[in-house]
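What follows is a single structure, written as structure tokens, with notes after it.
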Amino acid sequence: MGEETPALPADLGPVRSALIEWYERSHREYPWRRTEDPYEILVSEVMSQQTQLGRVVDAWRGFLERWPTVEALAAADRADVVGFWSDHSLGYNNRAKYLHEAAGQVCTEHDGEFPETPEDLEELMGVGPYTANAVASFAFNDGNAVVDTNVKRVLYRAFDVPDDDTAFGRAAEELLPDGRSRVWNNAIMELGGVACEKTPGCDREGCPWREWCHAYQTGDFTAPDVPTQPAFEGSRRQMRGRVVSTLREYDELPLDGLGPRVRVDYAPDGEYGREWLRGLLEDLADDGLVEVDSADGTVVVRLRR
DNA sequence: ATCCCGACCA
DNA sequence: TGGTCGGGAT
């Protein structure tokens, strides 16, 4: 058998109502917290995956203004969706591609009706365990417990749950009040995002769990390790971003026209030359973001539509 | 430098 | 299980 997991408080009633009351009293207002439209929720969740919420608000409004329904998004050109993503600095163009593809799935495989269960939602491209439960919760109030980095940090500190995904999942499920996934998942993530950040603000934010919190009692606010990303400056990701933004501006370019706009030190036969650029473009083509055409001897690159 | 409501693919 | 995927704000 596995190791013993620490017990949550015996009576979960007061723990649950304390958090829900705290949330309803003092949570931040975000526009997606005022809708139950699964399409609008999905857009907000995908945008929020690795981007600060404050930067998502304008993008979310603009996106829904341009593509108000899942049908409208499915009918859009992928290049336009990726273009919007870049314009609003949302990062990770793959997420725009996934969202566009998921919209197509909803229209063709589900007849335009959004799936409502976490299991069915996970079939959508780009929708993993977190996003599936988030949409099921916030749109249909019918999700399981979400486990993201915020929730892990909260459980680790408050209830001494070991840094282990299975343990986090079990503890999160046990805490979730039956039939209240909408407010609960919002609340526990809000707690992690506002009061129980890397540097905690227990008293400042009036954390509702102080009387039960292991970390608050011991003063040890260690948090689970989050893998640190390699530097962005000079990275392959930065170069991919430059390819996409350059192709948006020029529609299509030959290899040696694109190269210098991606790296100032581009030299056709140098270390960062045609061969390097072809490799970069091959990955972008595999990701469905660009097209590389070899017509009559010359290679031309453009964004995929 | 580090953070930010993950998911995909090998 | 690990490598990869953007970019702005602080």
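Numbers restart at 1 for each chain; the letters A, B, ... are given by sequence-line order, proteins then strands.
Spacing of P atoms, B/dC4 relative to C/dT4, comes out at 22 Å, to the nearest Å. Rounded to the nearest Å, the gap between the P atom of C/dG6 and that of B/dC9 is 15 Å.
Checked against ring pair (Phe, Tyr, Trp, His ring centres under 6.0 Å), A/Tyr23 has the following partners two or more places apart in sequence or in another chain: A/His27. Considering only residues two or more places apart in sequence or on other chains, A/Asp163 meets the side chain to side chain contact (heavy atoms under 4.5 Å, CB included) condition with A/Tyr156, A/Phe168, A/Pro224. Here A/Phe159 pairs with A/Trp209 under the ring pair (Phe, Tyr, Trp, His ring centres under 6.0 Å) rule; sequence neighbours left out. Residues forming a ring pair (Phe, Tyr, Trp, His ring centres under 6.0 Å) with A/Trp276 (at least two apart in sequence, or on another chain): A/Tyr272. Remark: A/Arg16 engages A/Leu12, A/Pro177, A/Trp184 in a side chain to side chain contact (heavy atoms under 4.5 Å, CB included) (not counting sequence neighbours). Residues satisfying the side-chain hydrogen bond (donor to acceptor under 3.5 Å, both in side chains) test with A/Thr131, not counting sequence neighbours, are A/Gln49.
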Please report, to 0.1 Å, the donor-acceptor pairs under 3.5 Å made by any side chain of residues 118-129 of chain A, with sequence neighbours excluded.
{"unit_1": "A/Asp120", "atom_1": "OD2", "unit_2": "A/Thr117", "atom_2": "OG1", "d": "3.3"}

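With hydrogens and angles ignored, a donor-acceptor pair closer than 3.5 Å exists between the side chain of A/Gln52 and the base of B/dC3.
Contacts between chain A and DNA chain C, taken as any atom within less than 4.0 angstrom of a protein heavy atom, begin and end at C/dC5 to C/dA9.
Within 4.0 Å of A/Gly241, counting heavy atoms only, lie sugar-phosphate atoms of the nucleic acid but no base atom. Using a 4.0 Å heavy-atom cutoff across all strands shown, A/Val226 reaches no nucleic acid atom at all. Among the atoms of the strands shown, base atoms are found under 4.0 Å from some heavy atom of A/Gly91.
Hydrophobic cluster of A/Phe232: no remaining members, since no ILVMFWY side chain lies below 4.5 Å from it.
For A/Lys198 and B/dC3, the shortest distance from a side-chain N or O to OP1 or OP2 is below 4.0 Å. For B/dA7, one of the phosphate oxygens OP1 or OP2 lies less than 4.0 angstrom from a side-chain nitrogen or oxygen of A/Thr131.
The pair A/Asp293-A/Arg302 counts as a salt bridge, with a side-chain nitrogen and a carboxylate oxygen less than 4.0 angstrom apart.
Here B/dA7 presents its P atom at 16 Å from CE of A/Met47, a figure rounded to the nearest Å.
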Secondary structure of DNA chain B per the Watson-Crick/G-U criterion (both distances under 3.5 Å; [ ] crossing, | other strand, . unpaired) is ||||.|||||

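Proximity of residues 97-108 of chain A to DNA chain B (heavy atom under 4.0 angstrom from any strand atom) is restricted to A/Tyr98.
Screening residues 255-267 of chain A for side-chain hydrogen bond (donor to acceptor under 3.5 Å, both in side chains) gives A/Tyr250-A/Arg261, A/Asp256-A/Tyr266, A/Asp256-A/Arg274, A/Arg263-A/Asp265 as the qualifying pairs, with residues at least two apart or on separate chains.
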